[in-house]
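As structure tokens, the structure follows; a few thoughts come after it.
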Amino acid sequence: MIAEAKKLQFRSTSKGKITDKIAKIIFMSATILSASFIFVIAGIVLVRGVIPFTTDNLGVGRVSLFSFLTGDIWLIGETFASNLYSIGFIIISTLFITLLSLAISFPVGVLTALFIAKIAPKPLAKVLRTVIETLASIPSIVFGLFGAGVILKLVYDFSALIGYQSKGGNSILSVVIVLALMTIPTITTISEVAIRSVDKSIEQGSLALGASKTQTNFKVILSSAKSGIFTAAILGIGRSLGEATAVSLVAGGRRAGISFDLLDTTSTLTTIMLEGLKETTGIDYDIRFSVGLVLMVVILLTNLLLNSIKRRVGVVNVKE
Amino acid sequence: MKKILSILTMLLLGVSLIACGEKTTTVSTSSFDETKTINVYTRDTTSGTRTGFMEGIGFAEAATSDSVLVEGFLIKDNTGILSTIGIDEYGIGYVSLSSVNNTIKGLSFNGVAPTEANVINDTYGLKRPFMWMLRADGDYPSQDVEDIVNAFVAFLGTTDGGDIINNQGAIALPSTTTWDSIKANHDVCIQDNSDITVRFGGSDSIQKVAQALTAAFMPKCGNFVAEHDHTGSSDAYKRTNDPAIKDTSVGKDVGFASRNFRGAELEVPAIQRGQLAWDAIVAIVNLNNPLTGVTAEDLKKMYDGTYTTWADIQG
Amino acid sequence: MSKNKKRKASDFVLNSITYLSSTVSLITLLGILIFIFGQGFKLLNVDLLVENFESQGYVADLYDNVRLCNCEPTIEFDENTYYSPKWGVALSDTTDLLGRTVVKVEFVDKDSPLYKVRDKGIGNDPIELRDEYHIIRIAFDEYPTALSRYGSENMINYLEANDSLREIEFQTEGGGIRGSIITTLYLIVLTLAFALPIGIAAAIYLNEYAPANKVTKLMRSLIETLTGVPSIIYGLMGLAVFVPLTVKLTSATGGNLLSGAMTLAVILLPIIIRTTEESLKVIPDDYRQASLALGASKTQTTFQIVLPSAVPGIMTATLLAIGRIIGESAALVFAIGTAIKDEVSLTGKSTSLAVHIWAMMTDEPANIELSATIAIIIMFIVVILNILIKIISGRYMKRKMGVSS
């Protein structure tokens, strides 16, 4: 942040002042445009998402916001004829799942990035980079297919092995594995950019001081690339929280009760949204937007939290 | 050093892959344990298959309500149910007859095996109707579209239409008229309609049948263009008759539903809706499950939680 | 000495961890490859790539005064082909591009009454029953209809049992994905044309111009929040904003390629902005200062010094973006629609490969094999594009280095 502020103090020559101004305005409007889309999206979600709480939903009755956020049964009673929706248990399992999947994908992703950028022999690095880029472009429905065809089977066999009757492998564990596999490419790609961008002089300095190549990689380079690596984590979390298609194929569609049992079924905010979007009107449709609203709030809060952490750990700026 | 490491990695990789391969290919040979819990799989409440199934087993309230189902049930889509029942030895689910394949076992219902022959001779009882719904008279993009749609509906009731329905594994309603004998009533079909698009939508379960029907009807009716966008049974009504949606970009000229119309859908005049076929629903279990048949009663008790283990059914 | 050994040991362990981590991605990709190749390889052929999706259907009957053939076949058939001497046609059971079993015309004798049939549709010219067509049904008077579902042997038996027929329906193969491949390429170009300029401009502003204050911070976190929005919601935004917008401005009547590309562009913005910004951040300030000191304006510095140095980062962003465009389905289902088309136009409906998969998967029963086949094609396109972009950026870097030296 401080470094950025410093950059701004460059004084431009009078010659290009007008072009500079125009350029700045163009750049700024691009930024404002990019930032404003979230309001468009929030607006759309908000308009629909508050309907269940503010209207009587064509005679069904108002949904209570408090029990919506805290309850542990998705819906009591008949679809389109009951207002007893709640997603408290789903919010918690969503966060739990995201955390677990990050616990796998973050270290694996960052270490892969380090490997590609600094450790691997050049041809191997090239191959791996193509591997990662290909993985990143696999449609999530294909990840879902893979999850439903392979990972469910593995989890089912694994639980049978430890004497547990799992529900066809549909479980938190399967979701976590699928999400981790899906987020690794994102984390790796962005971390790699960050690691590559670490100033050569820092690396050389460390080596000159007698540190081994490996020590330099792990201690100096990783910590210098902290900011980028954190960005990678944020994007990874975003992808985990927002992924719907693949997750819904392995989650099992849990409808009640919170469970931290890794081999039990689960639901996430996105799977519950996806399941009802075939409808186009009515409370059972509008409530999915309320879920979307909650999801966006969750994402916003997570981002704020992560950014404040990022600022705190990122105080030591490498460029200074 | 580096070279050794990369060789090691490759070795490790090879071994782990082989291990993976073996795991997925070995079929678990363990015998079926009847004391295990029944894992109940169902479609979500928007599914026409679910409505047909629940009504067929005498558990109609479960068509639209999750909370009357046994605790710990699982919600999956059609493909999900098929693939998970293939894995889960103790699961029970249901799919449309045309989806049944050799990775799972279809159960006979009330003593009748789920075969096409049994559905056609009307002895197999677990089935649901395929319905169509039209826009109101005069509410079409053009008169030609309206005429083609009316001709299409007439075609559905002919033996020629019935052949196409049967050819897709659904069961057509009995008919004796041929398209040849009624086509004189539909002048629109002798003109060139290749620049006219008719929009079809509604249930995704009917998509295949609907596509085959329009493909067969196109040459019979001036090569009009059929555009299919199937999203779900509820959209049969919404996209053709719901004032809030029918005139938006997702509006349709013909909607299909894979269940009986209900609620507000029934306010649409009877002349704008009708049935085109029957479709059988089959209760399915894992191949390792010794069970070969169930009754409606059994299925209801499994889905409402009266039976919790597989031993309960045998008794 | 022992300290050195310890260090070596720990270095070895640390290095090994990175090797292990990297194998995770490798195993995943190989696992997925094995899975989709196992499922989809048998449907993979050139016809699938170049054929139309829509099949052309025909309905026809016999001309008056034609005589039955009663002729022996002039060529030899394999055992899966059945021949009717009476009608002089041979049919076989094969699988089409979608993996379904169909009845295919193998041979029609020149003397067969089916060699030239009368079009019952609007055409007047006789139709030749060629050996590329699939027969759907043959209807007779007073006799059950022969359906393709019951196979070619059954159909031949029915033909042999009758001396005339009421009508015959047949069609071209269909099921190809050419239209979806073209749509996907259109989408990539269009989306990048929307997203790259805006994204790069925003990244430049945030890194080079923006004051380090609360407003900038807010903008940054607003953009970041976009990354977490689920695809479905983007799709709904596309449906609510971009579809009406394009319908108003162009000849489009519903979801179209432009509205799809705009929706995808919004999805990509945060990725492009973030990745570009990361690469701008690491350009040493000396470069900028040197440029400014030489009398270049800020704009010149940005375009001639800062931006070129960020090219590798922008390339990474582009690759990530292409990956996302190719892989995105949930948003496009709403923003374009799921209608699979052969004729692609900017304002028309047509669909990308990922949505094509989605459409195949939501069929009942789902066509998992074809989905896997399309997935193979998607991966192939991705690898090709990756290599292309690398060659281009490699050339660019070389030229730049050549100039500076």
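Within every chain, numbering begins at 1; the chains are lettered A, B, ... in the order of the sequence lines, protein sequences first and strands thereafter. Because only heavy atoms are used, hydrogens play no part in the values below, and waters and symmetry mates are left out as well, while side chains stay in. Since the structure is predicted, the reported quantities are computational estimates derived from the model, not experimental observations.
Minimum heavy-atom separation, A:Leu128 to C:Ser22: CD1-CB, 3.7 Å.
Proximity to chain A (any heavy atom under 4.5 Å) is shown, for C:Leu218, by neither the backbone nor the side chain. Contacts of C:Ile198 with chain A are made by both backbone and side-chain atoms, with heavy-atom separations under 4.5 Å. Proximity to chain A (any heavy atom under 4.5 Å) is restricted, for C:Ile204, to the side chain, taken from C-beta onward. Contacts of C:Thr302 with chain A are made by side-chain atoms alone, with heavy-atom separations under 4.5 Å and no backbone atom involved. Proximity to chain A is limited to the side chain of C:Leu319, based on heavy atoms less than 4.5 angstrom apart. Heavy-atom distances place both the backbone and the side chain of C:Val229 under 4.5 Å from chain A. Proximity to chain A (any heavy atom under 4.5 Å) is restricted, for C:Leu269, to the side chain, taken from C-beta onward.
No side-chain N or O of C:Ser221 forms a donor-acceptor pair with one of A:Asn303 less than 3.5 Å apart.
Note: A:Phe27 and C:Tyr209 have tilted aromatic rings, judged against thresholds of 30 and 60 degrees for the angle between ring planes.
Under the 4.5 Å side-chain criterion, counting only non-hydrogen atoms from C-beta, A:Ser212 is in contact with C:Arg7. For the pair A:Phe143 and C:Ile32, the minimum side-chain heavy-atom distance is below 4.5 Å.
Per-residue counts of heavy-atom pairs under 4.5 Å with chain A were compared for C:Leu29, C:Ile273, C:Ile233; the largest is that of C:Leu29. Ranked by heavy-atom pairs shorter than 4.5 Å toward chain A, the options C:Ile381, C:Thr28, C:Ile326 are led by C:Thr28. Chosen from C:Gly323, C:Ser329, C:Ala240, the residue pairing most often with chain A at heavy-atom distances under 4.5 Å is C:Gly323.
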